[in-house]
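Notes for the one structure printed next.
Since this is a predicted model, take the numbers as computed values, not measurements.
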Amino acid sequence: RFFVKEFDSLVYVADYDPAHVLYYKYYAANVMGEDISVMRKNVEEIKKVSPESKTLYLPLLAEISLNEGKYDDMVKYADELAQVNKESPYVALYKSIAYRFKGDLVKAAKACNDGLAVTPANSLLNYQMGIISLLQGKQKEAFSFASTAYEQADTVNAYVSAASLYSLCAQLLGETEVNESIIMETSQYGYPISDQVQKVIDGELTIEDIFLKGKGDFEWN
């Protein structure tokens with residue numbers, strides 16, 4: 001709240017785009033662990049002050065719906081985004097995640113493949129397709145998608161998640177040298193592999209435990 005108060009006092013005296021101001025308030029709320037209702041309020045305000053900025057607020061609404069477990073809403077927002085920009089990777093991304101949580105891996109795979117047909121090197125879509133392939137028991141395919149996700153990652157979060165998935169796939173296939181290379185590279189950057197990877201290898205967790213329950217993704221201590 002202190003950040004928001006100071007932020008508001010600074011932007012008040014300058015001529016900033018109100019939609020962008022609200023976006024950064026949403027982002028700050030996200031980073032600082034504010035309640036999801038605070039994030040939704042900021043995004044709804046973006047929609048109100050700039051209804052034409054659909055490519056900005058629709059992915060954010062889909063992300064909030066994911067955190068709220070409202071998977072049908074995710075599909076709805078993705079469909080609305082497709083009407084504005086059908087080639088946006090977020091259309092496929094949020095549909096894929098929503099269908100995975102709903103237990104429909106066939107639809108999840110189709111949505112992801114539709115996105116990959118447009119942007120085959122997209123790290124986030126390759127990551128999702130790697131997860132879906134693992135859940136379908138297709139370990140070699142998952143390994144290939146995880147490799148691309150890892151190589152094409154362009155943010156820290158994408159890189160760390162892809163590294164964990166790639167490491168898991170490598171170990172499941174007995175690709176020891178590949179896994180050692182992943183561990184070495186991530187260690188050099190100071191980034192950790194999720195502890196859940198080893199728990200799957202040790203039989204303490206299943207792939208379904210990670211990707212179909214809770215947050216539906218890797219977690220870090």
With side-chain contact (heavy atoms from CB on, under 4.5 Å) as the test, would you mind laying out the steps for S37 and K41 before giving the verdict?
-> CA-CA 6 Å; S37 62; K41 180 180 178 181; over 6 Å; no
Test side-chain contact (heavy atoms from CB on, under 4.5 Å) applied to T186 and V160, step by step = CA-CA 8 Å; T186 54; V160 174; over 6 Å; no
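Qualifying side chain to side chain donor-acceptor pair (under 3.5 Å) partners for S164, counting only residues two or more places apart in sequence or in other chains: none. Residues satisfying the salt bridge (Lys or Arg N to Asp or Glu O under 4.0 Å) test with K140, not counting sequence neighbours, are none. E141 is linked by a side chain to side chain donor-acceptor pair (under 3.5 Å) to nothing, counting only residues two or more places apart in sequence or in another chain. Applying the salt bridge (Lys or Arg N to Asp or Glu O under 4.0 Å) rule to D72 yields the partners K102; only residues at least two apart in sequence or on another chain are considered. Checked against side chain to side chain donor-acceptor pair (under 3.5 Å), Q188 has no partners two or more places apart in sequence or in another chain. In this view, K199 satisfies the side chain to side chain donor-acceptor pair (under 3.5 Å) rule with no residue, not counting sequence neighbours. Residues passing the ring pair (Phe, Tyr, Trp, His ring centres under 6.0 Å) test with Y27, sequence neighbours excluded: none. Y166 pairs by the ring pair (Phe, Tyr, Trp, His ring centres under 6.0 Å) definition with F143, Y150, not counting sequence neighbours. Under the salt bridge (Lys or Arg N to Asp or Glu O under 4.0 Å) criterion, E68 pairs with R40, K70, sequence neighbours left out. Listed by chain and number, the residues in a ring pair (Phe, Tyr, Trp, His ring centres under 6.0 Å) with Y23 amount to none (sequence neighbours excluded).
Here CE of M184 is found 11.0 Å from CG of N179. Values are rounded to the nearest 0.5 Å. For the atom pair CE (M74) and CD1 (I64), the distance works out to 11.5 Å, reported to the nearest 0.5 Å. The distance from atom CZ of F218 to atom CD1 of I193, rounded to the nearest 0.5 Å, is 8.5 Å. In this structure, CD1 in I46 is found 4.5 Å from CG in L56, a value given to the nearest 0.5 Å. One finds the CZ atom of R100 at 9.0 Å from the CG atom of L105 (value rounded to the nearest 0.5 Å). Expressed to the nearest 0.5 Å, how far CD of E63 lies from CD1 of I36 amounts to 8.0 Å.
No continuous path of hydrophobic side-chain contacts links Y127 to Y90 [ILVMFWY only; heavy atoms under 4.5 Å]. There is a path of hydrophobic side-chain contacts, each under 4.5 Å, that joins L205 to F211. When the side chains of ILVMFWY residues are joined at heavy-atom separations under 4.5 Å, either directly or via intervening members, L165 and F145 end up in two distinct hydrophobic clusters. In the hydrophobic clustering of this structure, W220 groups with V197; members are Ile, Leu, Val, Met, Phe, Trp, Tyr whose side-chain heavy atoms approach within less than 4.5 Å, directly or through other members. Under the 4.5 Å side-chain heavy-atom criterion for ILVMFWY residues, no single connected hydrophobic cluster contains both Y94 and L212.
At least one side-chain heavy atom of V49 sits under 4.5 Å from a side-chain heavy atom of L22. Counting heavy atoms from C-beta on, the side chains of L168 and V200 come closer than 4.5 Å. Side-chain contact between L81 and P59 is present, with at least one heavy-atom pair separated by less than 4.5 Å. You'll find the side chain of Q128 reaches within 4.5 Å of the side chain of L93, heavy atoms only. Side-chain atoms of K213 and E208, non-hydrogen and from C-beta on, never get closer than 4.5 Å to each other. At least one side-chain heavy atom of L172 sits less than 4.5 Å from a side-chain heavy atom of I207.
Side-chain atoms of S181 never come within 3.5 Å of backbone atoms of E177 as a donor-acceptor pair (strictly under, hydrogens ignored). Side chain of Q139 to main chain of L134: no donor-acceptor pair is present (N/O by atom type, distance under 3.5 Å, no hydrogens or angles). Proximity of a side-chain donor or acceptor of S96 to a complementary backbone N or O of C112 within less than 3.5 Å is not detected. Put simply, the side chain of D202 never gets that close to the backbone of E204: no donor and acceptor are under 3.5 Å apart.
When all heavy atoms are compared, the tightest approach of Y71 to A98 is O-CB, 3.5 Å. Between G115 and A92 the shortest heavy-atom distance is CA-CB, 3.6 Å. The two residues N85 and T55 make their nearest non-hydrogen contact at CB-CG2, 4.5 Å. Scanning both residues, A121 and N126, for their nearest heavy atoms gives C-ND2, 3.7 Å. Listed here is the closest heavy atom pair of T148 and P120: CG2-O, 4.4 Å. Considering all non-hydrogen atoms of both residues, A29 and V38 come closest at CB-CG1, 4.0 Å.
If you check the side chains of T206 and D209, you find a donor sitting under 3.5 Å from an acceptor. Side chains of N42 and Y24: a donor-acceptor N/O pair is absent below 3.5 angstrom, by distance only. Side-chain atoms of N157 and T155 include no donor-acceptor pair closer than 3.5 Å. Side-chain N/O atoms of E151 and S147 include a donor and acceptor closer than 3.5 Å. Checking Y159 against E185 by side-chain atom types alone, a donor-acceptor pair falls below 3.5 Å. Between the side chains of Q171 and S167, a donor-acceptor pair is found at a separation under 3.5 Å.
Environment of CD in E80: crowded, with over 12 heavy atoms of neighbouring residues, nucleotides or ligands closer than 6.0 Å.
Taking Ile, Leu, Val, Met, Phe, Trp and Tyr as members and joining any whose side-chain heavy atoms lie under 4.5 Å apart, directly or through other members, the hydrophobic cluster of V75 also contains Y99.
The list of side chain to side chain donor-acceptor pair (under 3.5 Å) pairs with a residue in residues 104-119, not counting sequence neighbours, reads K110-D114.
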